[in-house]
Amino acid sequence: MSVLVLIVTGFAWQQVDSLRSSLTTAGGLELGDGKDGAVDILMVGIDSRTDAQGNPLSQHELDMLRAGEADATNTDTIILIRIPNDGSSATAVSIPRDSYVQVPGIGMSKINAAYGETKALKQAELVEDGMDPDKADAESTKAGRHALLEAVADLTGITVDHYAEVGLLGFVLLTDAVGGVPVCLNAPVDDPYSGADFPAGRQTLHGSDALSFVRQRHGLPRGDLDRIVRQQSYLASLAQEVLSADMLANPAKLNQLNSAVQRSVVVDSGWDILGFARRLQDLSAGAVTFRTIPVQNPSGTSPDGESIVKIDPAQVHSFFEGLVGRGDPPADPAGDGGSGPAADGGEALDVSPGDVTVDVLNSSAIGGLASAVSEALGSVGYPAGRVANYTAAPPSESQVRAAPGSRDAATAVARALGGLEVVTDDAMTPGTVTVVVSDEYAGPGSDTWSGTLVSGTDGVSESGGSSGSGGSAAGTGQPGPTTAQPDADHPVGPAVSADDGVRCVN
């Protein structure tokens, strides 16, 4: 988290000069050269209880983490950052930690295990061959980093040019260095696993609370996908704090930020941090955006029965092709006609809920779900239509179906239900809207829903906040819709920009 702000926001680059002799570096990573028109940086968050130099944290620091004392090398945060060589913008793309991918030397596995499992296997092999344990630890750590870099390159089609790694302590130190970061929650949370215990609405979080905020995944409607949205929203607010005039003009805060990076960040040894920061010194918050790779199923199961996030490498490649300018732009929604998903441009809709009768069909194994969804829609003005079981082949994800001429009505209903996919169906009667809910449905009417019901007719910005007053950017708790990436089967969440204001999230 620390290095993301350092390299993306371009804060007071003169301060970076003092880092060159004190940053911990990692060599021999066989990285790219940035000759494709941009610098691609892999930033990983390590679930570690040591600092960047490998020193154990004090008991006081461990207590601040609220994460126990068991050390680990799982990469629980994986973000690929692409910055054009002119430094004009930055796009940070999150990769869910449970993404089921091909890992060199291991086979199919969760991507967050690429580093840790490879390191453990290599370390055991080297120690068995008689290598000194400290040297074996260093060599196996290098092997773990290599495995993660190769897995990311294979998944995305992108060659990583630079590598940055930060432990849990870094996040706490960075947050305190900027004096806290504002966030907004749709609903109150109380999660004993992460220590997250916060009221609904806008609030400013500091070190330990901030770490709990971005680590929580239990009790969230979409689990790790909601955690990723939290991380992105938090980082966008953090970028705003770092780029503010108060921060850049405060030597004490800059020194504290500098110290936090030195204590908690590891970067590749070939990175000229000072030269890189100079190129970014004019980067504005509005040019920093956060996205997530396409996801097929966030609640998938591996052949071994392990819970995974199912993804399609071809979809991910297509997403990055658009990002680097060799394909369709990733911001374009999928499909615009026939039976494909309809686009939601985010504008206010001229739809009166009282004029839209909604049928709700249950394709899940959850009894009574269709009735609960129908009642939820009725509470915001949509008259109940037919409520029944869905008898055709069930769709992979929940969706809202309508004839082409009723797209606006379907879009409003989809927004009200948390951002479902909209599908146009030429066989449907104009003026009718049908909701099909699947096993993964987590919107209004489900047991896991804890947000605020909306009609879905108000304008929605690209980041998911209302385009008028009283939306999520104003901290009212109104949830923005989740949106599907190009060709993706599951809505992963809206793009987040660092100048969107404080977004309310689950």
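The structure presented is a predicted model; accordingly, all values stated were derived computationally and were not measured.
- In the model, Ser398 has a side-chain atom that pairs as donor or acceptor with a side-chain atom of Ser438 under 3.5 Å.
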What do the steps show when you test Leu155 against Val152 for side chain to side chain contact (heavy atoms under 4.5 Å, CB included), and what is the final call? CA-CA 5 Å; Leu155 172 66; Val152 169; 5.8 Å; no
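- Judged as a side chain to side chain contact (heavy atoms under 4.5 Å, CB included), and not counting sequence neighbours, the contacts of Pro353 are Tyr382, Ser455, Thr457.
- No donor-acceptor distance shorter than 3.5 angstrom exists from the side chain of His317 to the backbone of Asp312, with no hydrogens or angles considered.
- Taking the salt bridge (Lys or Arg N to Asp or Glu O under 4.0 Å) definition, one finds that Arg227 meets it with Asp224, sequence neighbours left out.
- Side chain of Gln203 to backbone of Gly201: a donor-acceptor contact under 3.5 angstrom is found.
- Looking at Val160, Leu42, Val103, Asn112 one by one, the single match for side chain to side chain contact (heavy atoms under 4.5 Å, CB included) with Leu148 turns out to be Leu42.
- Taking OG of Ser446 as the reference point, atom CG of Asp439 lies at 12.0 Å (rounded to 0.5 Å).
- Legend: residues meeting side chain to side chain contact (heavy atoms under 4.5 Å, CB included) with Ala196, ordered by chain and number and at least two apart, are Val189, Asp191, Ser194, Phe198, Ser212, Gln216.
- Looking at every heavy atom in both residues, Ser109 comes nearest to Glu117 through OG-OE2, 4.0 Å.
- When atom types are taken as modelled, the side chain of Ser237 and the backbone of Pro182 share a donor-acceptor pair closer than 3.5 angstrom.
- For the atom pair CG (Leu420) and CZ (Arg401), the distance works out to 13.0 Å, reported to the nearest 0.5 Å.
- Shown here are the salt bridge (Lys or Arg N to Asp or Glu O under 4.0 Å) partners of Arg97, two or more places apart in sequence or in another chain: Asp76.
- Formation of a donor-acceptor pair under 3.5 Å by the Asn389 side chain with backbone atoms of Thr391 is not found in this model.
- With hydrogens and angles disregarded, no donor-acceptor distance shorter than 3.5 Å links the side chain of Arg407 to the backbone of Thr424.
- In this structure, the side chain of Asp359 does not engage the main chain of Thr434 through any donor-acceptor pair within 3.5 Å.
- Annotation: salt bridge (Lys or Arg N to Asp or Glu O under 4.0 Å) contacts of Glu306 (sequence neighbours excluded): Lys110.
- Val422 and Thr411 get closest at one heavy-atom pair: CG2-CA, 4.0 Å.
- Side-chain contact of Ser94 with Gln232: a donor-acceptor pair under 3.5 Å is present, judged by distance alone.
- When all heavy atoms of Ile293 and Pro96 are compared, the closest pair comes out as CG1-CD, 3.7 Å.
- The side chain to side chain contact (heavy atoms under 4.5 Å, CB included) check on Ala210 picks up Phe171, Thr175, Leu205, Tyr234, with sequence neighbours excluded.
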